[in-house]
Amino acid sequence: MANRTHLVVMPGDGIGPEITAATLSVLQEVDRLMSLDLSFEEAPIGFEALKKHGTTLPDSSFEAGKRADGVILGPVSHNDYPPVAQGGLNPSGEMRKRLDLYANIRPAKSRPGLPSRCGKPVDLVVVRENTEGFYADRNMFVNTGEFMPTPDVALAVRKITRQGSMRIAESAFRLAMQRSRKKVTAVHKANVLRVSDGLFLECTRTVAKRYPQVEYEEQIMDAMAALLVRDATRFDVILATNMFGDILSDEASEISGSLGLAASVNAGDEHALAQAQHGSAPDIAGHDRANPTSLIGSTAMLLTWLGERRSDPRFTKAAILIEHALDRVIANPETRTADLGGPLGTRAFGACVAAALTA
Ligand code: ATP
């Protein structure tokens, strides 16, 4: 496998197997066109793995992902899993934590011909810290950040570190430098969380000073939720701690068009994982109705990450080809999926995007 780029595909639950299959059909075609020399390996997670291996994230699947050049992770129904002691691990949280995928990059971008919910084209990116914050299931070394000192008191610890805040701020400013508007908005609640968001802002301001070409502003989380609805076009890169970033990115994707379009990549210094922003959509699973744009777009982001890391323009170009193909297919109402009012199923949509790569 010396020069090959090895990708591990974890189909997941609900619509996961359908959208990963459609994504693979696009990837195989772009591989053929751009001679990327990709190899693929499927690794089970979720209910399929629970049945076969007694856990929703078998060690063999995690190790395959760790060895790979990149991972494509389908959505998972982790809310329905049994307790951890009975094998119910959240594959998404575990992969982020164990591979130190600290940056969750979540673009919200309107597609041509598909109006955004605010009437104007939206093009912003939420850069969300991915390993600490309010996420009690992954923010501690041993056990979780949630506990009950008495049967009637439940506590959750929010963890903010200097290292975590500095590196996510760096990611946001580096990304802003690649974009035409060059603006970063740091989101916080330092008026209430004075110590923890105080530390977060101290770090974002330190990093901001290193990037004088980037406009920097701060917004309080609740005001930010309202400002996004009022006019999402005033934002470029939104820098946020874990939970605030999670909430704002769903809001931003909905405003930009639909959750079914929402791509994301989870990146660290050594590993990257493509993952749609949405969940496993059990209400439409198995009906060939899901929109795979989210995972196809996430995979394009993974190719961009690989291209930058290796300074290999083939990967960057492949990602641009996929993005243009998605734009072309979604622009035509006759080649949209049901969530966007179109007639195509998941498989047919994937085939259309693959065909549009050569257009
Ligand atoms: P989970 O429990 O896994 O989070 P959920 O249904 O609570 O699942 P989502 O999966 O995010 O949450 O789905 C929210 C809504 O958006 C559902 O009605 C779902 O059908 C729809 N949806 C999500 N993803 C897609 C998609 N790719 N294509 C079409 N509709 C989608």
Side-chain angles (χ1 to χ4, degrees), residues 9-27 45-50 56-57 72-83 88-96 104 106-111 114 116-117 126 128 135 137-138 242-243 245-266 273-301 322 326 329-330 333 335-353:
V9 183
M10 303 179 173
D13 304 308
I15 58 171
E18 296 161 85
I19 64 172
T20 47
T23 300
L24 278 182
S25 69
V26 174
L27 258 186
I45 55 163
F47 281 114
E48 181 199 0
L50 186 68
T56 50
L57 181 61
I72 298 169
L73 181 75
V76 289
S77 304
H78 65 93
N79 282 338
D80 303 326
Y81 291 171
L89 292 166
N90 174 359
S92 166
E94 290 292 323
M95 296 293 289
R96 291 175 189 184
N104 187 197
R106 295 184 148 192
K109 190 172 187 294
S110 321
R111 297 275 174 190
L114 199 63
S116 78
R117 293 186 201 274
V126 177
R128 165 195 177 198
Y135 279 64
D137 63 341
R138 69 202 67 157
N242 203 342
M243 192 169 285
D246 192 17
I247 296 165
L248 288 174
S249 54
D250 268 26
E251 185 188 343
S253 313
E254 248 333 286
I255 292 168
S256 74
S258 152
L259 205 49
L261 303 176
S264 91
V265 75
N266 297 279
L273 176 151
Q275 182 181 23
Q277 288 185 35
H278 55 73
S280 61
D283 52 339
I284 54 169
H287 295 287
D288 194 37
R289 278 181 61 90
N291 184 349
T293 300
S294 49
L295 193 60
I296 297 172
S298 306
T299 305
M301 293 178 75
I322 293 176
L326 282 172
V329 172
I330 295 171
T335 53
R336 291 179 187 160
T337 43
D339 57 318
L340 303 176
L344 291 193
T346 313
R347 219 169 318 144
F349 180 86
C352 253
V353 176

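One-based numbering, in listed order, for ligands and for the atoms of each.
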If you apply the rule side-chain contact (heavy atoms from CB on, under 4.5 Å), what do you find for Asp288 with Phe349, and how did you get there?
CA-CA 10 Å; Asp288 194 37; Phe349 180 86; over 6 Å; no
Which residue owns the protein heavy atom closest to [atom], what's the atom, and how far is it?
{"atom": "atom 20 (O) of ligand 1", "answer": "Asp283 OD1, 2.8 Å"}
{"atom": "atom 16 (O) of ligand 1", "answer": "Leu259 CD2, 4.5 Å"}
{"atom": "atom 21 (C) of ligand 1", "answer": "Ala281 CB, 4.5 Å"}
{"atom": "atom 27 (N) of ligand 1", "answer": "Asn291 O, 2.8 Å"}

Just distances here: any N/O of Ser280 and N/O of ligand 1 closer than 3.5 Å? yes
In the structure I gave you, are the side-chain heavy atoms of Leu261 and Leu340 within less than 4.5 Å of one another anywhere? yes
Q: Answer whether the closest heavy-atom distance between the side chains of Arg138 and Asn90 falls below 4.5 Å.
A: yes
With a 4.0 Å cut-off on heavy atoms, does Ile15 reach ligand 1?
yes
Short version for Ile19: what comes under 4.0 Å of ligand 1, heavy atoms counted, is neither
List ligand 1 atoms under 4.0 Å from [X], heavy atoms only on the residue side.
{"X": "Ile284", "value": "20 (O), 29 (C), 30 (N)"}
{"X": "Pro282", "value": "6 (O), 8 (O)"}
{"X": "Val76", "value": "3 (O)"}
{"X": "Gly279", "value": "3 (O), 4 (O), 9 (P), 10 (O), 11 (O)"}
{"X": "Ala290", "value": "28 (N)"}

The reported gap from CG in Leu89 to CG in Asp137 (rounded to nearest 0.5 angstrom) is 10.5 Å
Looking only at heavy atoms, the pair that brings Ile19 and Asn291 closest together is CG2-O, 4.1 Å
N-O pairing of Glu254 and Arg117 below 4.0 Å | yes
Donor-acceptor pair, side chain of Ser298 and main chain of Ser264, under 3.5 angstrom
yes
